[in-house]
Every structure is written in structure tokens, then in C-alpha cells.
**Student:** 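Take this structure, written in C-alpha cells, and hold onto it; I'll ask about it next.
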Amino acid sequence: MGQQGQRTPAGKGAGKEFVKEITPQAEDYSQWYIDVVLKTELMDYAPVKGCMAIRPYGFAIWEKMQELLDRRIKETGHQNAYFPLFIPQELLEKEAAHVEGFAPEVALVTKGGGETLAEPLVVRPTSEAIICDFYSRWIQSWRDLPLLINQWCNVVRWEKVTRPFLRTSEFLWQEGHTCHRTEEEAEEETLKMLGVYQDFLETEMAIPVIPGRKSEREKFAGALRTYTVEALMRDGRALQAGTSHNLGQHFARVFEITFLDRDDELKHVWQTSWGVSTRLIGALITVHGDDRGLVLPPRIAPIQAVIVPILTKKAGEEVLAAARRLAGELRSAGIRIHLDDREGYSPGWKFNEWEMKGVPLRLELGPRDLQSEQVIAVRRDSGSKEPLPWAELPGKLPALLEELQGDLYRRAQRYQQEHTRSGADYDEFLRVMERERGFFVAPWCGREECELKAKEESKATIRCIAFERPEEDERCLVCGEKAAEKVYLARAY
RNA sequence: CGGGGCGUAGCGCAGUUUGGUAGCGCGCUUGGUUCGGGACCAAGAGGUCGCGAGUUCGAAUCUCGCCGCUCCGACCA
């Protein structure tokens with residue numbers, strides 16, 4: 001791994017010394033990322049390229065995300081179900097654009113039980129095909145609509161370049177698949193779920209995002225329209241954080257998903273699909289992390305506060321008893337608390353360990369605090385220390401955690417704003433993409449050749465077409481013709 | 001898929017140039033002393049040198065092939 005030379009071994013006072021095992025972001029951002037995911041035990045590499053084990057601490061984050069997002073998905077009327085991993089190749093190939101989009105990254109099973117299969121099976125890269133096959137049988141009447149189903153599962157896309165969480169060959173996600181009676185209803189659903197994603201990301205994960213529509217080039221294979229929420233990572237690159245597709249009737253036609261409408265006519269349904277994946281864990285790491293490691297927003301953090309008792313020889317028992325009592329009280333107050341009562345690790349070691357793991361709050365409890373009936377509360381994001389009386393903890397901590405959550409969001413938002421430039425000056429655009437990167441908001445004529453030219457010369461792509469319209473007199477960033485759209489450009493993963 | 005780097009104990013590395021049967025630090029185990037920002041002493045455990053062929057009396061070391069990780073470019077949640 002990284003070259004971790006002799007980094008300052010903890011001088012006095014907090015703040016400047018770094019966690020030893022982690023390469024500083026400024027030195028090598030990619031290495032920083034790899035160091036963080038490995039050292040904080042979020043994942044470990046598998047023997048198969050692009051695959052990984054998500055370790056308990058990483059999976060706990062995913063479970064928290066699932067819980068909070070699943071709630072929103074259900075609140076908007078959807079039900080969970082499960083569809084098969086294997087898809088007959090023939091099914092996947094029904095929708096032309098869909099096959100073409102996914103063919104290069106499909107894993108194919110050709111043998112089973114030692115025999116060559118009559119029909120090769122595709123390991124799902126996404127489940128439109130197999131789900132549509134079922135839907136064609138489940139839907140007959142307008143009374144069966146809307147059909148609102150979601151599934152949590154794994155999918156496989158054979159990737160050439162992989163990075164833990166951000167791009168893996170197998171990943172976990174949720175995919176919603178809905179059918180509607182009218183185009184308007186499908187469009188409404190598509191945008192509603194985009195809104196759910198935006199709310200989830202901003203409220204729970206403290207990640208500000210830019211919502212918008214994908215260009216024709218960038219839209220989902222087989223979709224009519226794709227909407228996206230785009231986040232900005234700390235190296236100035238954009239990350240597609242979630243997508244929501246209006247599939248139109250493309251799949252309904254080839255899979256013959258029809259219903260008899262009120263007017264007694266047989267019609268094709270209008271469909272949507274939408275998903276977010278374990279990639280969001282990567283977003284979480286990159287948006288909030290710093291040179292000391294992870295910084296987790298309290299709402300997502302598996303451990304919201306860790307109690308580190310200072311166990312001296314004389315007062316050890318007493319301190320530990322107080323720490324246990326405190327942990328119990330805080331747990332009852334609904335805080336996800338962990339008491340680090342391990343022997344053989346110095347307090348300083350534990351401080352560093354939990355900071356690296358991104359725990360939002362640390363509560364230090366030592367002999368001195370016993371006398372004054374307080375703990376020293378230390379924030380992960382700012383490092384600020386504050387004594388808090390025991391009696392006030394159950395009441396105050398939830399508020400403190402919420403404040404921290406809000407500060408993280410505002411900090412990320414400020415970073416995003418500071419790294420969003422705008423204008424129609426093409427040279428400036430190229431310069432920005434070359435150096436500080438971030439988002440560049442610009443008018444666009446809407447033609448693919450301008451999109452391509454910008455991409456070739458800047459390596460930046462249209463991340464999304466903004467919902468706001470350009471002004472009357474605005475001109476395309478690339479060709480100078482009259483602008484049809486306002487777009488967010490950035491280099492991306 | 002193209003180009004570069006790497007693969008030796010859980011982690012970080014030395015050893016490879018010049019073949020002779022593997023070592024250091026951290027971590028781990030046990031016992032003891034410690035504990036308010038990565039403590040210390042002592043005794044231990046741990047390696048088919050990424051995998052497979054080949055050359056050789058003998059391969060971590062030389063040759064060929066493959067795999068994986070990683071970085072930079074073309075495609076994607």
C-alpha cells in the first residue's frame with residue numbers, strides 16, 4: 001500500500017497529526033480511498049476481480065441505508081419482492097437498445113450440473129427483462145395498475161476497471177420496477193422517486209446532489225428518459241448517485257405487457273425503473289472523509305458515539321462501572337452507543353481508531369470526570385472538545401448529533417457550491433476541468449456533436465441537464481448557437 | 001481493452017542484479033507493569049515466496065504462460 005513514512009506520532013494537542021496507515025488525500029487521493037476502505041474494515045478484496053466482501057462495519061452502514069431508504073420506498077406505496085438471479089439470454093435480448101447497452105458487461109452461465117445448457121443464462125446486470133416477463137402475466141386489467149414493486153438484490157456487471165464500492169463487478173442495490181396506466185403517471189413516478197433519492201441522500205447521508213435529466217447519450221439502455229442525482233466528490237469528480245428511468249412503452253411492447261383499459265381497449269403499460277447501489281457507500285466515504293479516515297453522518301453511522309473509558313490502575317473499576325451505566329442510559333435514549341472497554345489498548349490508540357472509523361462523537365470518561373460527573377465529548381468532524389454533565393447527556397446528545405449531521409451537510413454543500421463554476425466561456429471550461437474540476441454549469445444547444453466535442457477535449461461529460469431553463473439570450477458553451485438547455489458538466493467516475 | 005507499477009508471515013518491507021532452501025518492523029498469543037492522543041518488558045506462534053510449467057544437482061532469485069491488485073487513458077450504478 002501507500003508509503004506511510006514517519007508521520008508525526010501524536011504531538012500534544014489535537015488536530016495536526018494523521019492516522020498513520022492512511023495516505024493523505026493531497027498526496028494521492030485514490031490511495032487515500034483504498035487505504036480508508038481497507039483499514040476501517042469496510043471491505044476486503046475477493047479472489048475474483050472486481051468482487052469484494054463487505055465486512056461487518058461496512059455492511060452495517062449499508063443496512064442503515066437500506067432501513068432508511070426502504071422506509072421511504074414503502075411510504076410511497078411500493079412493496080418489496082424478489083426476482084431470480086438468472087435470466088434466459090433470449091429474454092435479455094428482446095429489447096434492442098437494452099441488449100446493446102448491457103451486452104459488453106454481461107456474465108453468461110453456459111454450464112450447469114456438468115452439462116452444457118441448452119439456453120445460456122445471463123446473471124442479471126439489472127432485472128428489467130426478467131421482471132417484465134413476470135409482469136406480462138401479472139397484469140391484465142387497468143385495475144392491476146399501478147404495479148409498484150421494489151427488490152433488494154445483487155447484480156453483476158463485468159467491469160474492466162473496478163474500485164471498491166464505486167465500481168465493482170458485483171454490487172448490491174435496490175431496483176424499483178413499476179407499471180402505470182398512462183404516460184403522465186409513469187413520468188410522475190419517475191420524478192417522485194428521483195425526489196425520494198434526493199431527500200434520502202441529503203437528509204440521511206448529508207450528501208447534497210444536483211438533480212437533472214441525462215442526455216440521450218448517457219441515458220439508460222432502453223429508457224425513454226433517465227433522471228439522475230449527481231454528487232461531487234472531494235477530488236472534484238462527479239458521481240452518479242442514483243437514477244430513475246421513464247421506460248416509456250419500450251419494454252411493454254417487446255414483452256407484451258398489456259392491460260384492458262376502462263375504455264375497453266387493450267393497451268401497453270407505461271413503466272419506470274429506479275435504483276441506488278452500494279456505490280453510495282463510496283459517495284459517503286469520498287464526500288465526508290478526511291486525512292484521518294471516515295467521517296460518518298450520525299444518521300447513517302452504525303455507532304453514533306463511542307465511550308472510551310480511561311482505565312487507570314486505581315480508578316479502573318469505578319470508571320468502567322460508570323461507563324457501563326452511562327452506555328445503558330444512552331442506549332435507552334435511542335443512541336447507537338459503543339463502549340470500548342478493551343484492555344491492552346491505550347486511550348490514545350482507541351481515539352485514533354474510532355476517528356479513523358468515522359464515529360461522529362467520542363465520549364471520554366476518566367477518573368477526573370468521575371469527580372465532576374461529566375464526560376469529555378469530542379466531535380469527529382471538527383475535533384472540538386466539550387465537557388458535558390452526565391445528567392444532561394441523554395437529552396443533549398441527540399441534539400448534538402443532529403447538529404453534527406447538519407454541519408456535515410452544510411460543509412459538503414459549501415464545498416459543492418465553491419466547486420461549481422458557470423458560464424459560456426469554453427476556454428475557461430477547459431481550464432477548470434483540467435485543474436480544480438468540479439461542476440461547470442453551462443448553456444448547451446442540445447446537439448450531440450457539441451456534447452462529444454466537449455467530452456473529447458475536456459474529458460468531462462454532461463452529468464445532467466438541469467431542470468432550470470437557460471435564459472433567452474444564452475449561447476451554447478461549445479458552438480455558440482442558441483442554447484436549448486442548461487447542463488452540468490464534470491469529469492466523472 | 002491499451003500503457004506503467006506491484007505481488008515474499010495478518011500489514012509494511014528487505015532479500016532477486018551475482019541461484020545454495022527466508023529475514024526485519026508492526027501486529028498476533030501468553031505472563032507482568034501501564035493507561036487523559038497510537039505504552040513498556042519478557043517469552044512464543046506464524047511463510048506451498050500470487051498460480052502453473054520450464055532450465056538446473058538445487059529456484060523467492062533465471063525463462064515462458066496465467067491470475068490478481070493498483071495507477072493513467074477508451075465504456076458503465
Side-chain angles (χ1 to χ4, degrees), chain A residues 1-5 7-21 28-31 33-35 38-39 44-52 101-106 125-126 155-175 197 217-218 220-221 226 228-230 239-245 273-283 292 308-316 319 342-356 362 364-370 375-376 378 383 385 455-456 459 461 491-493:
Chain A
M1 285 301 116
Q3 46 293 77
Q4 50 244 156
R7 236 151 255 138
T8 3
K12 53 178 183 336
K16 294 296 168 273
E17 72 278 12
F18 301 148
V19 176
K20 259 190 272 178
E21 299 91 336
D28 183 342
Y29 189 84
S30 295
Q31 191 59 53
Y33 180 82
I34 300 292
D35 288 349
L38 285 172
K39 297 289 160 47
D44 195 12
Y45 288 105
V48 178
K49 179 176 164 58
C51 294
M52 62 177 181
F102 282 102
E105 42 185 3
V106 149
T126 178
V155 290
V156 168
R157 297 181 189 177
W158 219 256
E159 296 288 350
K160 290 165 193 153
V161 179
T162 57
R163 307 192 67 193
F165 298 109
L166 291 171
R167 171 167 295 109
T168 49
S169 293
E170 178 190 11
F171 55 92
L172 306 183
W173 76 345
Q174 60 65 219
E175 46 179 330
Y197 288 154
R217 260 185 66 80
E218 304 272 337
F220 176 77
T226 289
T228 177
V229 281
E230 299 281 325
L239 184 77
Q240 183 170 307
T243 47
S244 185
H245 317 290
S273 69
W274 26 272
V276 301
S277 70
T278 36
R279 167 181 274 188
L280 289 187
I281 297 174
R292 290 159 164 268
V308 178
I310 315 298
L311 303 170
T312 59
K313 182 160 188 181
K314 315 106 235 175
V319 168
R342 288 176 297 176
E343 292 173 25
Y345 290 90
S346 69
W349 197 93
K350 291 177 181 177
F351 294 170
N352 283 299
E353 160 122 326
W354 293 114
E355 277 173 11
M356 184 170 80
R362 175 175 79 242
E364 301 176 15
L365 178 64
R368 294 206 295 271
D369 304 307
L370 229 45
V375 298
I376 306 297
V378 185
K385 300 189 179 188
K455 182 182 175 180
E456 272 162 28
K459 289 169 194 158
T461 48
R491 291 200 189 178
Y493 269 89

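Chain letters run A, B, ... following the sequence lines, proteins first, then strands; residues in each count from 1.
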**Student:** Parallel, tilted or perpendicular: which describes the rings of Trp274(A) and Tyr197(A), with under 30° parallel and over 60° perpendicular?
**Tutor:** perpendicular
**Student:** Considering every strand shown, what is the Watson-Crick or G-U wobble mate of G68(B) when both distances are under 3.5 Å?
**Tutor:** C6(B)
**Student:** Going by heavy atoms in the side chains, are Pro125(A) and Trp158(A) under 4.5 Å from each other?
**Tutor:** no
**Student:** Asn352(A) CG to G36(B) C1': how many Å, rounded?
**Tutor:** 13 Å
**Student:** For nucleotides 25-32 of chain B, give me every protein contact, N/O to N/O, under 3.5 Å, one pair per line with atom names.
**Tutor:**
unit_1 : atom_1 : unit_2    : atom_2 : d
C28(B) : OP1    : Tyr345(A) : OH     : 2.9

**Student:** Applying a 4.0 Å non-hydrogen cut-off, can you work out what Arg342(A) is touching in the nucleic acid: base, sugar-phosphate, or nothing?
**Tutor:** nothing
**Student:** Can you check whether Glu159(A) reaches Thr168(A) side chain to side chain, under 4.5 Å on heavy atoms?
**Tutor:** no
**Student:** In whole angstrom, give the distance that lies between atom NZ of Lys385(A) and atom P of G37(B).
**Tutor:** 7 Å
**Student:** Test Phe220(A) against Phe102(A) for ring pair (Phe, Tyr, Trp, His ring centres under 6.0 Å), laying out the working first.
**Tutor:** CA-CA 10 Å; Phe220(A) 176 77; Phe102(A) 282 102; 5.7 Å; yes
**Student:** Could you tell me the separation between the CG atom of Leu311(A) and the C1' atom of C35(B), rounded to a whole number of Å?
**Tutor:** 7 Å
**Student:** For Arg368(A), enumerate each residue passing the side-chain contact (heavy atoms from CB on, under 4.5 Å) test, keeping only those at least two apart in sequence or located in another chain.
**Tutor:** none
**Student:** For Leu38(A) and U70(B), give me the distance from atom CG to atom C1', rounded to whole Å.
**Tutor:** 11 Å
**Student:** Quick one: Tyr45(A) OH to C6(B) P, roughly how many Å, whole number?
**Tutor:** 18 Å
**Student:** Considering every strand shown, what is the Watson-Crick or G-U wobble mate of G23(B) when both distances are under 3.5 Å?
**Tutor:** C13(B)
**Student:** For U61(B) versus U16(B), give the span between their P atoms, rounded off to a whole number of Å.
**Tutor:** 12 Å
**Student:** With rounding to whole Å, what would you report as the distance between G47(B) and A22(B) at their P atoms?
**Tutor:** 13 Å
**Student:** Quote, to the nearest angstrom, the C1' distance that separates C13(B) from A60(B).
**Tutor:** 15 Å
**Student:** Using the C1' atoms only, state how far C66(B) lies from U30(B), rounded to an integer number of Å.
**Tutor:** 44 Å
**Student:** Just by modelled atom types, is the Pro164(A) backbone N or O under 3.5 Å from a matching donor or acceptor in the Tyr45(A) side chain?
**Tutor:** no
**Student:** For Ile376(A), report the nucleic acid contact type (base, sugar-phosphate, nothing); a contact means any heavy atom under 4.0 Å.
**Tutor:** base
**Student:** Provide the Watson-Crick or G-U wobble partner of U18(B), both distances under 3.5 Å; none if there is no partner.
**Tutor:** none
**Student:** Under 3.5 Å for both donor-acceptor distances, Watson-Crick or wobble: does G44(B) have a partner, and if so which one?
**Tutor:** C28(B)
**Student:** Taking only residues two or more places apart in sequence or in another chain, which ones pass side-chain contact (heavy atoms from CB on, under 4.5 Å) with Glu218(A)?
**Tutor:** Lys214(A), Ser215(A), Glu451(A), Thr461(A), Arg463(A)
**Student:** In this structure, how many angstroms lie between the P atom of G38(B) and the CD1 atom of Ile310(A), rounded?
**Tutor:** 11 Å
**Student:** Please measure how far the P atom in C62(B) lies from the corresponding atom in C6(B), and state the result in whole Å.
**Tutor:** 13 Å
**Student:** When all nucleic acid strands are considered with a 4.0 Å heavy-atom cut-off, which category describes Gly50(A): base, sugar-phosphate, or nothing?
**Tutor:** sugar-phosphate
**Student:** Within the structure provided, determine whether Phe351(A) and Val378(A) are in side-chain contact (heavy-atom separation under 4.5 Å).
**Tutor:** no
**Student:** Send over the distance from Glu355(A) CD to G38(B) C1', rounded to a whole Å.
**Tutor:** 11 Å
**Student:** Say you pick atom P in G12(B) and the same atom in G50(B); how far apart are they, in whole Å?
**Tutor:** 14 Å
**Student:** Think Ser346(A) has a side-chain N or O under 4.0 angstrom from the OP1 or OP2 of A39(B)?
**Tutor:** yes
**Student:** Under the rule for side-chain contact (heavy atoms from CB on, under 4.5 Å), what residues qualify as partners of Ser30(A), not counting sequence neighbours?
**Tutor:** Asp28(A), Arg163(A)
**Student:** Provide the distance between the two C1' atoms, one in G5(B) and one in A43(B), to the nearest whole Å.
**Tutor:** 41 Å
**Student:** Starting at CZ of Arg368(A) and ending at P of G36(B), how long is that distance when rounded to a whole Å?
**Tutor:** 9 Å
**Student:** Could you check which nucleotide pairs with G73(B) in any of the strands shown, counting Watson-Crick or G-U wobble with both distances under 3.5 Å?
**Tutor:** C1(B)
**Student:** Indicate for each nucleotide in nucleotides 71-77 of chain B, in 5' to 3' sequence, whether protein heavy atoms under 4.0 Å reach the base (B), only the sugar-phosphate (S), or nothing (-).
**Tutor:** S-BBSBB
**Student:** Under a 3.5 Å cut-off for both contacts, is U56(B) paired Watson-Crick or G-U wobble with anything, and if yes, with which nucleotide?
**Tutor:** none
**Student:** Is Lys313(A) near enough to C35(B) that one of its side-chain N or O atoms lies under 4.0 angstrom from OP1 or OP2?
**Tutor:** no
**Student:** So do Leu311(A) and Val319(A) actually touch side chain to side chain, heavy atoms under 4.5 Å?
**Tutor:** yes
**Student:** Apply ring-ring contact (aromatic ring centres under 6.0 Å, His included) to Phe171(A) and list each qualifying residue two or more places apart in sequence or on a separate chain.
**Tutor:** Trp173(A)
**Student:** Heavy-atom distance under 4.5 Å between the side chains of Glu230(A) and Gln240(A), does that happen here?
**Tutor:** yes
**Student:** Using the C1' atoms only, state how far G68(B) lies from C51(B), rounded to an integer number of Å.
**Tutor:** 10 Å
**Student:** Is A39(B) paired to anything, Watson-Crick or G-U wobble with both distances less than 3.5 Å, and if yes, which nucleotide?
**Tutor:** U33(B)
